[in-house]
Structures are given as structure tokens and as C-alpha cells.
Amino acid sequence: MTDMFQPNLDFAAADQAEAEEAFVVDLEGYEGPLHVLLALARTQKVDLLKLSITRLAEQYLAFIHEARRRNFALAADYLVMASWLAYLKSRLLLPRAEKGKAEEPPAELMAAALAFRLQKLEAMRKAVEAITGRPQLKRDVFTRGDPEATVIVPSDRIDASLYDLMAAYVTQRRKEQARHYNPTQRIEAFPLEAARDWLREIMPRLDDWTPLAEVAPQGDEAGGPSTASYVASTLSASLELVKEGGMDVKQTAAFDPLYLRRRDVGQPMELTP
Amino acid sequence: MSDLEFKPDEAEIERRVEALLFAAAGPLSAAEIARRLPEGADVGGAIAALRQRYQGRGVELECVADRWRFRTAPDLSFLMTEEREEPRRLSKAALETLAIIAYHQPCTRAEIESVRGVSLSRGTLDLLLEMGFVRLRGRRRTPGRPVTYATSDKFLEHFGLASVHDLPGVQDMRAAGLLDLSMPPGFEVPDPGRGPEEDEDLLSDLDHDSPEFAQDFVGEE
Amino acid sequence: MSDLEFKPDEAEIERRVEALLFAAAGPLSAAEIARRLPEGADVGGAIAALRQRYQGRGVELECVADRWRFRTAPDLSFLMTEEREEPRRLSKAALETLAIIAYHQPCTRAEIESVRGVSLSRGTLDLLLEMGFVRLRGRRRTPGRPVTYATSDKFLEHFGLASVHDLPGVQDMRAAGLLDLSMPPGFEVPDPGRGPEEDEDLLSDLDHDSPEFAQDFVGEE
């Protein structure tokens, strides 16, 4: 690894120890797959550009395996990275028989790109060390504690940034929103109990698959719960009945209409009058 | 630090006293200085040496009521009062008003007040006009023909914007972490780059006789 | 005052610059100093002389964000226990984000995320903005016109840097190609947060339009 600046990077040593025990799986310590990969790559103790991606892939997969064994809920990006690495590794190892899919870059190029990215992240982490290692104002160096009574103020600055402007605007709009919000105006909902009673009442008629919207009671023009509330409460109640074994629900695809039907097999308990 | 092994010599003590006096929020007594130095350090000697060193410089070491502090050489005090320019610090009200004008321009005083929910004190708009961040733009063709306000070129310059189109929008506010889930789904930020509105007469159109009208109000930048 | 009759010599100019810098509440630019001195005064020479004079003292003259200020010598920080303010601790994520912005500025949120390989969590960027270390700088002239971020003068002042060119290691990193934001071609690290094609488009767009990211319309003020 090349130390391009700040030779006293003691954090490298600390991380080394951490990386050697990389299988002490502590996802909390990592921000994302790239940070895990960087920690793993350090154990190879080579220039990041000469990194063995296949070894790195193995290490990472072992890490993921261990993490799953310990029942960590792994974020999707960890798993996607795992499969991508496994794929890259396989492409690196397989002899290049014929040309791969035209649009895909050679595996070596993809590997080099990953190495570059790790190198870049590493450089940024060193940069953090280098910057925070500098003498900081009010921590290491101090300006005049008691400037003169008649102060010379740097005059060509106005204390207002674009961020201040944005923040001021949002604050305003938020306040305005709060003013218009009227908590006494409650939205009337279709009660769940009523929805259950309603379902029990019409159950005998649900021999065929019926769209949810038709099963739910129709809203009243003059006030009362909204149509959405009728549908939502009816859906909740029907799911309860499905759980109890009194009903079936189906949907052919996401966002398609839901269909309800009375269940014939198994006795629907006390539902039948 | 390495205090324990390292026995500071006179020059080092002098440096330390210099730093302490410089950074202190008020005058320090010899005892207060000694407390922060290694035992046996000759504080009196260091102060005398420093006093000597700063003799005739732009800054001198002064003793007030047995305490020591740096102060400007008396003959240079004229420097301190001359050409003193206060930085223009925008008050919260001014910044908020400016933000509303920026995003909702052109807008009238009543519109600003309706967003802010409080009435605008006279000084706020005046200040913005005087600073040159805001200009009178025209008149709304509504009863009373209220004046409309907009931002000026100086505003764009100060905030580093090429045009009012470049004001950060909803996406940017979200990216900067300013908007969260508590914001209503319909929250929108107007695009302030619109041309003159239908119901608005621009001041420049109105006042053929006195094209300088707007400038007169806004003042020199 | 007696400026008109009295032609100040170099030593006198140096005294005056010293007095001004000591009295200032913040760093002063050479222009700000010159404004308070007789016309034709060699401010640069005076600053160089002062810098020399204070070399190795308890107080030193330093250039931050193209301005000058006196500050205590870094090796004496251990003395300053009373003056020390416990700085707001920045998370690892915030520090990395700050470093990426500092070394790659101006850069967009998407670029920060692509370096770190994770999406920026709420609170990271807005904390940096709120602390004043980072500022919105302009917009990239690419589809979507994303806002670009840069470091502020306060960042340079806090870490004692004369300019962003003085960031530690920046020359070496640039020479090694590490500050290039465009990834090698065909590189698609999976990123469930964003569509990979979108990401790639963005990066290649950048490549074509502007190899140096100089396209930010906002110049330095």
C-alpha cells in the first residue's frame, strides 16, 4: 500500500488488527459493502491495484456467510455485492472460451475498476486522518481570546449562505403548514368491528371471486367515512377472516385488484349464522 | 505532553506566556499564568522579556490592575476606528422574508405575510431594499394595485446564482436534509423564473417618465 | 490623522499590519488590510516580514482561506485547556463525506455516494451544511442539473488551510488519478439504491461535457 502522505497513519495498524479478525462480524462497524471490501483488501497487504479479486471475493463471501449464520439481517446491497463478486470471480477464473456478451466489459477491466474504487475510498479515509490530524481551531490553535474593543471586522462577508436561505424558506413553509393543520377536524373512519359485521353479513353471497371494491360498503355522499376508508377497513377485516380460514383472497399481480371469495373447505367457524 | 521529561528553558517559557496571554479571554495575573506552567517557571522574567520584545511594536503588553494583556499600541488606535464596516448580518425575519420573496417572486407584501403568518415589520423590507437584495418590481392589477417585490442582481451575485431558476428546488432541499416525512406530499416550491404575470404591470412599463423610479427606491448598490 | 504629512516607512507599515491583525475578530485579506493603510503600502512585504518575525514564537501568523490571522503555535495546544472548546464530533460517515467534498469539489451528492458505495444517510450532509463546513456551490450542467457542493471558508479556517490546494496529499492524489470522479468504463458496481444505468449515464455525461468539472457556473466570489 502506498502512503502518499502523512506517514504516521496509525489507524492503518488499528484497522489491520480489525481486518485480520474480519470474521468477527460486526456490520455496525461498516457503512456498506465497499467499506467491508476495503477492510478485507487490507489483509492482502498489497497495492490495492494488484489485489487478488478472486481472493477478495472469497473473503467477502465468507464474511457474508458468517454474517448470515449469526442471523444478521443483511442489507440488500451486501447481498447484491456478494452475487456480483461471485459472478466476477467466476468470469475471472473461467477460461475465456468465446467472446462474452458484446456489451459486457472484460472481467479484468471490471476487476481493475473495483480495485480503483477501493483505492479511492482508501485515499479518502487517509484524507480524513490527514485533515483531522491537522491543528484544529479552538482545539489545538487559538485566535485572540480578547480582541480589541473596537474590532476590525472583515467586512466583505455577509453572513447568509444559500443553505441559510433554503432552511429559512422551509421553516416558513413548515410553520405555515402547522397553522393550517386543524387537529380537531378528525377524519371519520369505517370501524373495523363494523367491517367485520358487514363481511359476515354478505359472506353467503361471496360464492365467486368478487373484487374488493364491490365487497366494501359504498360511501355515503353526505359525510361519513370516505370510500378509501371503507375499502381499507374491509380489506383488514377480510384478512382476519382469511387467517381464521373463512375466506380466500387472491391478486394476480402487484397493484391489480384484490378478489375475495368465501371458503368452502373447512368450516368457517361461527361465521355462518 | 512531553512536559515531564522536557525542562523548558526561558525562551520556551516566554513562548508559552505569549500564547496564553494571546488566547486568554481577559487579562491574566502572573499567578494565573504560573498555574499553567511547569513549577518554578519564572513568569515575572518571561513577562518582562515579552514586554521588552513588544516595545514599540504594533501591539504592546499592558498591565492593568496587576493583570497582563496585549493591546494595540496607543498611537495606532486611529486604525481601529477608521473605516469600520459592520458586516451585514441578516436577522432571522429578514432572511425568512428574503427566502419567501426569492421563491415566490413576484409577490406582494400581503402574500409574504400570508406565508409567514405574521405581519411584516416595516424595517424588514426596507432593510432588504436598502441592502439591494430586493427590488420593487411592479404592481399587481388587483384592487389597491399593491407593489410586487422581486430579488435583484445583487442577490444572485451574493448567493452565487446564475439566475433565479437556479435556486435550490424541492429535490435539493430534500438532498440537503431539510425536508422530511412531516412535509405534506403535495409540498411544492414555485419556480421563481416566471416572466411578468398577467395581472402585473412592471414598474418600468408604468413609469415612462421616470425610468429611474425603481433605482431611486432601492438605492445605490 | 497625520497620514498625509507623515509617510510611513516599512517598519511602520509592519507595525500597523500587526496591530490590525491582532485586533481583528477574524482573518483579514490583504485587500482588507490595504484599505486601512496609506495608498501604496506594501502589505505583502509587511505580512512576509511579520510572518518571519513570529516564526517559532508562541503566536504565529497563518494564512487561511486566502486571509491572514494570528493564532497560537500548534505545539502549545496542551496549554490551552481553559480556552479549548470540545468540537462537535463528526461521525465517520460525515468525515468521509467532508473529505470527498474537499478533495473532489465541486461534486454532487451522487458522486459522493458513488465513492462511498452507500447512499448518504439523512443528517450527514445537512450537518456539514449546518456547521458551515460545506456550502452549496452551483449546479452541474448535466441532466437534472444537480446541485454541487464545495467546502467553505470556515472549513479552511477551522483546519488552518490557506486554500483547497493545500489539502494534505492533494497533489499526490491528483497525480495518481485518484481524484478523478469518472470511474473506468463499464464499471457497474451493483447499487440497489439507484439504477445502475442512470448512474453510468451520469458519469459518462460528465466525461463528455467537461473533463475537468469546471462547468460550474458559479465562480468564486
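Below, each value reflects all heavy atoms present in this structure, side chains not excepted, and no hydrogens, waters or symmetry copies.
B/Ala24 touches chain A through its backbone: at least one of N, CA, C or O sits under 4.5 Å from a heavy atom, while the side chain does not. At a 4.5 Å heavy-atom cutoff, B/Leu21 makes no contact with chain A through either its backbone or its side chain.
Residue-environment remark: CD (B/Glu10) stays at or below the threshold of 12 foreign heavy atoms within 6.0 Å. Atom CG of A/Asp256 has more than 12 heavy atoms from other residues, nucleotides or ligands within 6.0 Å.
The structure places CZ of A/Arg173 at 14.0 Å from CZ of B/Arg116, a figure rounded to the nearest 0.5 Å. Atoms CE and CG, on A/Met166 and B/Asp172 in that order, are 6.0 Å from each other to the nearest 0.5 Å. Separation of atoms CZ (B/Phe159) and CG (A/Asp164) is listed at 7.5 Å; rounding is to 0.5 Å.
Applying the ring-ring contact (aromatic ring centres under 6.0 Å, His included) test to residues at least two apart or on different chains, none of the pairs has a partner in residues 117-146 of chain A.
Looking at every heavy atom in both residues, B/Leu167 comes nearest to A/Leu165 through CD2-CD2, 3.9 Å.
Judged as a ring-ring contact (aromatic ring centres under 6.0 Å, His included), and not counting sequence neighbours, the contacts of A/Tyr169 are B/Tyr103, B/His104.
Between the side chain of A/Arg144 and the main chain of B/Phe70, a donor-acceptor pair closer than 3.5 Å is present.
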